[in-house]
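Here the structure is laid out as structure tokens; the discussion comes afterwards.
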There are 2 protein chains.
Amino acid sequence: MPVRTRPTLSDVAREAGVSLATASRAINGSPTRTVRADLRERVLEAAARLEYTPDANAQAMARGQTTSVGLVVHDVADPYFSTIAAGVTAAADDVGLAVTLAETRHDPRREVDLVELLHRQRARAIVLAGGRLGGADRAEELTRAIAGHRRSGGGVALIGQPLPEVPAVALDNSGGAAALARALHDAGHRRFGVIAGPADHLTARHRQAGFREALAELGTAAAPEHVVPSEFSRDGGYAGMTALLPHLGELDVVFAVTDLMAVGAMAAVRDAGLTVPTDVGVAGFDDIPTLRDITPGLTTVRVPLREIGAQALQLALALEQEPRVVVVRGEVVLRDSTARP
Amino acid sequence: MPVRTRPTLSDVAREAGVSLATASRAINGSPTRTVRADLRERVLEAAARLEYTPDANAQAMARGQTTSVGLVVHDVADPYFSTIAAGVTAAADDVGLAVTLAETRHDPRREVDLVELLHRQRARAIVLAGGRLGGADRAEELTRAIAGHRRSGGGVALIGQPLPEVPAVALDNSGGAAALARALHDAGHRRFGVIAGPADHLTARHRQAGFREALAELGTAAAPEHVVPSEFSRDGGYAGMTALLPHLGELDVVFAVTDLMAVGAMAAVRDAGLTVPTDVGVAGFDDIPTLRDITPGLTTVRVPLREIGAQALQLALALEQEPRVVVVRGEVVLRDSTARP
DNA sequence: CTGTTAGCGCCTTCAG
DNA sequence: CTGAAGGCGCTAACAG
């Protein structure tokens with residue numbers, strides 16, 4: 001099939017026997033002007049006959065405004081991010097905007113690049129999900145990129161760790177982890193291990209720090225050898241638990257800083273021929289919907305990821321507002337994975 | 001902070017004391033022309049000083065080609081789709097394209113609308129994941145929308161069920177389900193139930209049909225009362241298994257047409273105070289990565305979703321090619337959920 | 001190698 | 001209520 005050249009609005013206008021301006025007003029109803037019914041009819045028919053479709057790019061250019069928003073995540077395949085993405089997409093759809101999805105693949109440099117890419121596309125707003133990685137350099141570059149986008153009228157919102165002066169939906173990671181620690185303590189557990197995630201990952205850091213500080217206040221601090229770093233993934237959880245296996249006799253519960261890691265940790269326990277929670281309890285963080293049916297049920301901190309995504313988009317679009325930070329608190333969910341033997 | 005007006009390429013040109021064209025060539029290197037080093041240097045410096053960023057929309061318009069592709073899924077929060085999305089995004093990124101994500105929310109009408117939306121945005125290619133729903137009307141509308149996009153030079157590829165004349169990565173749903181049936185038969189199971197999904201859902205239909213046909217060939221057809229329709233979700237699986245509970249004594253294994261449904265089905269078994277696989281075996285389809293660690297391990301048909309997403313994008317971008325259909329076969333994975341008691 | 005000049009497709013004042 | 005004309009920011013012939 002030959003690539004026919006697309007019909008343009010002038011083609012439609014000519015076909016309908018009206019001017020370009022009238023055709024434009026008929027098809028995309030101007031805010032102020034109105035078109036006589038019969039003319040509008042003619043235009044619409046002509047457009048249908050020609051199979052005309054407006055060019056969103058040209059419209060964006062003429063109007064000086066696009067109809068899309070950007071979403072930056074580390075990895076869509078991770079249920080944490082895909083749930084957030086669902087929230088952002090739904091909220092965007094509600095206001096007639098399309099979502100451009102970009103993945104950092106856990107590379108902080110790409111995060112900056114993607115913000116710039118999205119800025120180039122003149123996204124109306126950019127939502128950055130996913131914990132900031134990298135050191136101060138990256139944070140500064142990111143701040144600059146964000147500032148550039150905002151200065152020229154684009155909105156931005158962060159999910160997770162806030163950054164100075166930028167609207168954000170912040171998870172109370174340390175508070176949630178602390179609440180989890182207290183709940184486990186209330187349930188009678190006393191000896192804790194932690195699979196802590198990467199040292200340079202802020203979310204991981206806040207979660208493990210909040211957990212350990214709460215323990216300290218309760219007078220049952222986790223021993224240093226019971227706190228192991230790991231990758232921020234299922235496999236990281238598996239490896240972390242494997243490292244803790246020799247100490248299992250000294251532990252009641254191991255806290256992995258994400259559900260995905262906790263699942264990996266549970267697999268490691270099973271592969272060692274042991275049982276959760278009989279030999280050791282396991283707790284996670286996030287309450288990923290897809291994982292709510294695993295057995296034993298995973299004790300965790302529920303985070304309303306979908307709502308967070310939706311709210312972040314709204315924050316990002318509220319251009320006039322002052323930078324605003326909404327803090328979302330998680331809710332401890334005790335399940336069988338930490339039942340006392 | 002005031003919304004400063006964005007610097008344009010002419011601002012940069014003026015600042016650098018060169019012509020618009022030179023600035024353009026210096027910044028976005030023209031394929032044919034080249035710019036003297038010192039001039040290019042001046043331009044780049046001016047651009048940096050002004051914090052100039054090219055406007056992707058304007059470039060798209062001038063070049064007559066955008067740098068984005070569209071992806072249509074039912075629901076990104078569903079791990080099936082998020083894994084596909086990861087594949088599409090990675091492949092797009094490799095060739096420097098951005099992905100616009102659109103969700104049908106399981107509404108076939110929206111599917112058509114989204115194709116049109118993406119066409120309006122002049123997406124270089126559109127990947128449609130997710131089984132076609134709805135009847136012949138919708139299929140026809142969709143075919144028309146797709147044809148419109150292709151006629152004007154855009155690529156399209158489907159994932160799942162093919163449509164006549166459209167490139168596709170087709171899952172061999174019925175073949176995979178048949179292989180599963182044979183594998184379960186080989187393992188000694190004889191009495192099967194099926195949680196079949198929605199009647200109008202093609203993927204679900206092919207999977208259950210393939211499964212049942214293979215059983216028939218093996219001489220052990222599933223009784224009609226052991227085949228229950230359901231929603232295409234975790235809750236659908238739960239409800240389906242609940243409906244089968246009264247018949248559990250007559251069944252060795254229940255096949256749910258997706259892993260997510262299988263997980264719901266397993267939860268229903270547990271909630272009834274029974275055990276998988278002792279009281280009944282459960283099998284799914286997809287081999288969702290996030291669910292690979294559940295216990296008992298879920299017997300399923302592995303589908304390389306990520307690769308499928310990547311390949312679909314490549315098919316969609318290969319505009320010159322003949323309509324081509326790639327069939328991907330699943331691989332049966334037997335795990336403990338169907339271990340014989 | 002550089003500059004000038006048309007558009008790309010559409011919206012939007014501004015006249016009529 | 002309609003039409004003509006300018007411009008959005010950039011690229012790509014076309015001259016110089």
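Lettering follows sequence order; numbering is per chain, from 1.
Residues B:A21 and A:A21 both approach DNA chain D. Their nearest nucleotides, taken by heavy-atom distance, put A:A21 toward the 5′ side.
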Which atoms of nucleotides 6-10 of chain D (N or O only) lie under 3.5 Å from a protein N or O atom, and what are those distances?
unit_1: D:dC10; atom_1: OP1; unit_2: B:Y52; atom_2: OH; d: 2.2
unit_1: D:dC10; atom_1: OP1; unit_2: B:D55; atom_2: N; d: 3.3
unit_1: D:dC10; atom_1: OP2; unit_2: B:L9; atom_2: N; d: 2.3

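The residues B:R110 and A:D93 are annotated as salt-bridged, a charged nitrogen and a carboxylate oxygen being separated by less than 4.0 angstrom.
Side-chain nitrogen and oxygen atoms of A:T22 include at least one within less than 4.0 Å of the OP1 or OP2 phosphate oxygen of D:dG3.
For the pair A:Y52/A:D11, no side-chain contact is recorded, criterion being any heavy-atom separation below 4.5 Å from C-beta on. Contact of the A:T53 side chain with the B:R122 side chain is registered, since non-hydrogen atoms from C-beta on lie closer than 4.5 Å. Taking 4.5 Å as the limit, every side-chain heavy atom of B:T100 sits out of range of all side-chain heavy atoms of B:V69. Counting only heavy atoms from C-beta outward, the side chains of B:T104 and B:V73 never approach each other to under 4.5 Å.
Rounded to whole Å, the distance from CD on B:Q65 to C1' on D:dA12 is 14 Å. In this structure, B:R25 atom CZ and D:dA12 atom C1' are separated by 9 Å, rounded to whole Å. Per the geometry, CG belonging to B:N57 stands 13 Å off P belonging to C:dC11, to the nearest Å. Straight-line distance from the CZ atom of B:R14 to the P atom of C:dG3: 14 Å, rounded to whole Å. Rounded to an integer number of Å, the gap from A:D11 CG to C:dG9 P is 9 Å.
Among all heavy-atom pairs drawn from A:P54 and B:R120, the shortest one is O-CG, 2.9 Å.
Between the axis at the start and the axis at the end of the helix from C:dC1-D:dG16 to C:dG16-D:dC1 there is an angle of 40°, using five pairs per end and rounding to 10 degrees.
With values rounded to the nearest 0.5 angstrom, A:S68 atom OG is found 6.0 Å from B:Q121 atom CD.
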May I have the step-by-step check of side-chain contact (heavy atoms from CB on, under 4.5 Å) for A:L171 and A:T203, ending in yes or no?
CA-CA 9 Å; A:L171 285 189; A:T203 295; 5.8 Å; no
